Amino acid sequence: MKFSIESEVLQILSEAPNQVIDWGVSVVQAPQIWSLTKGEGVKIAILDTGVDPNHPDLKDNIKKGKNFTTTNTSDFVDRQGHGSHCAGIIAAIDNSIGVVGVAPKSELYIGKVLGDDGSGSIQSIIEGINWAIDEQVDIISMSLGCSADPGQSFHDAIKKAHEAGIVIVAATGNENTHVGWPAAYEETIAVGAVNQSLEHAAFSNFGSEVDVSAPGVDIYSTYKNGSYAKLSGTSMATPMTAGVIALVLSYLKKIGRAATPDQIMKLVQERSVDLGTTGDDDSFGNGLINVFKLIKG
Ligand code: CA
Ligand code: CA
């Protein structure tokens with residue numbers, strides 16, 4: 001059984017343009033919260049294809065990394081591009097170049113669990129989850145999925161992370177079918193994708209397991225070898241959501257409060273912006289994630 005990334009590459013730019021804010025980062029209203037927090041003090045594990053550790057728009061926010069795959073094991077370099085893209089959506093630095101992540105001062109822990117072909121084994125991902133628990137991260141972001149239930153040992157690792165107080169965010173998948181795993185587990189926040197018109201992305205999986213929706217079409221972010229790229233997928237919606245939750249957790253820390261993963265799940269369910277048919281539905285879940293509503297609501 002194999003897990004794979006949940007995205008499609010649309011465009012790659014090798015040169016860093018003047019800094020812009022992606023439409024998705026704007027739509028979740030992250031910039032309106034940056035005067036309160038940019039995600040300081042929140043640790044996020046990204047379990048993916050690794051990261052470009054020297055990317056000028058990411059480097060300073062990468063705190064640690066480890067390779068759990070069986071190739072190029074001496075580093076956690078992203079030779080695929082997907083992991084670097086997800087990293088930028090969460091935490092690209094607010095400077096003068098490229099893009100800005102949703103939580104541009106959050107701390108990234110990079111677990112390379114997918115190989116350079118974008119796929120990985122159950123065992124690699126379990127090891128990555130256990131590492132994230134050991135590193136005491138606040139959030140695990142998983143832009144990966146498997147179309148069948150990976151089994152008890154995998155679910156046990158997810159449960160262990162959840163019990164350790166880690167908010168787990170996972171992609172529902174891009175096959176226009178039922179929600180994949182680990183998103184289908186009740187311990188994870190399952191994220192579907194919407195486009196710029198806030199319509200359900202045609203590829204985004206559906207079902208009662210979908211918890212929330214986030215921007216996931218034409219998302220512009222960092223890429224491998226210091227470049228930038230536009231990608232689409234529930235893979236993009238997932239770190240968008242992880243970044244929003246990082247802002248919420250950072251804000252709570254600043255005001256001397258905390259929240260369990262179950263409390264965060266409840267907040268997301270109650271304070272998302274309803275889309276489609278009224279209330280929780282199979283396409284959008286509880287609606288569009290919005291940090292302004294989560295913090296100010
Ligand atoms: Ca930047
Ligand atoms: Ca709805």
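Every number for a ligand or one of its atoms is a count from 1 in the order of the listing. All of these numbers come straight from a predicted model, not from anything done at the bench.
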- Show your reasoning for whether side chain to side chain donor-acceptor pair (under 3.5 Å) applies to Thr234 and Asn174. CA-CA 6 Å; Thr234 53; Asn174 299 345; 2.7 Å; yes
side-chain hydrogen bond (donor to acceptor under 3.5 Å, both in side chains) test vs His82 passes for just one of Ser4, Ser235, Ser143, namely Ser235
Can you tell me if an N/O/S atom from Pro104 lies under 3.0 Å from the Ca ion (ligand 1)? no
Below 6.0 angstrom between ring centroids: does that apply to His85 and Tyr220? no
Between Tyr109 and Phe76, does the ring centre distance come in under 6.0 Å?
no
Answer key: the N, O or S atom of Asp57 nearest to the Ca ion (ligand 1) is OD1
Q) Of the backbone and side-chain N, O or S atoms of Ala92, does one lie nearer to the Ca ion (ligand 1) than 3.0 Å? A) no
| said: At less than 3.0 Å, would any N/O/S atom of Asn95, backbone or side chain, sit next to the Ca ion (ligand 1)? | reply: yes
### Task
Check whether any side-chain heavy atom of Leu108 lies under 4.5 Å from a side-chain heavy atom of Val51, and answer yes or no.
no
Regarding Asp94, does it place an N, O or S atom less than 3.0 Å from the Ca ion (ligand 1)?
no
| query | Taking the side chain from Asp48 and the backbone from Gly83, do they hold a donor-acceptor pair closer than 3.5 Å? | reply | yes
Q) Checking only N/O/S atoms, does Ile97 have one that is under 3.0 Å from the Ca ion (ligand 1)? A) yes
| said: Salt bridge check, Lys112 against Asp78: does any charged N sit closer than 4.0 Å to a carboxylate O? | reply: no
Cluster overlap Val268 with Val244, hydrophobic side-chain contacts below 4.5 Å | yes
Near the Ca ion (ligand 2), protein N/O/S count under 3.0 Å comes to 5
Contacts of Glu40 meeting salt bridge (charged side-chain N to carboxylate O under 4.0 Å, His left out) (sequence neighbours excluded), chain-then-number -> Lys254
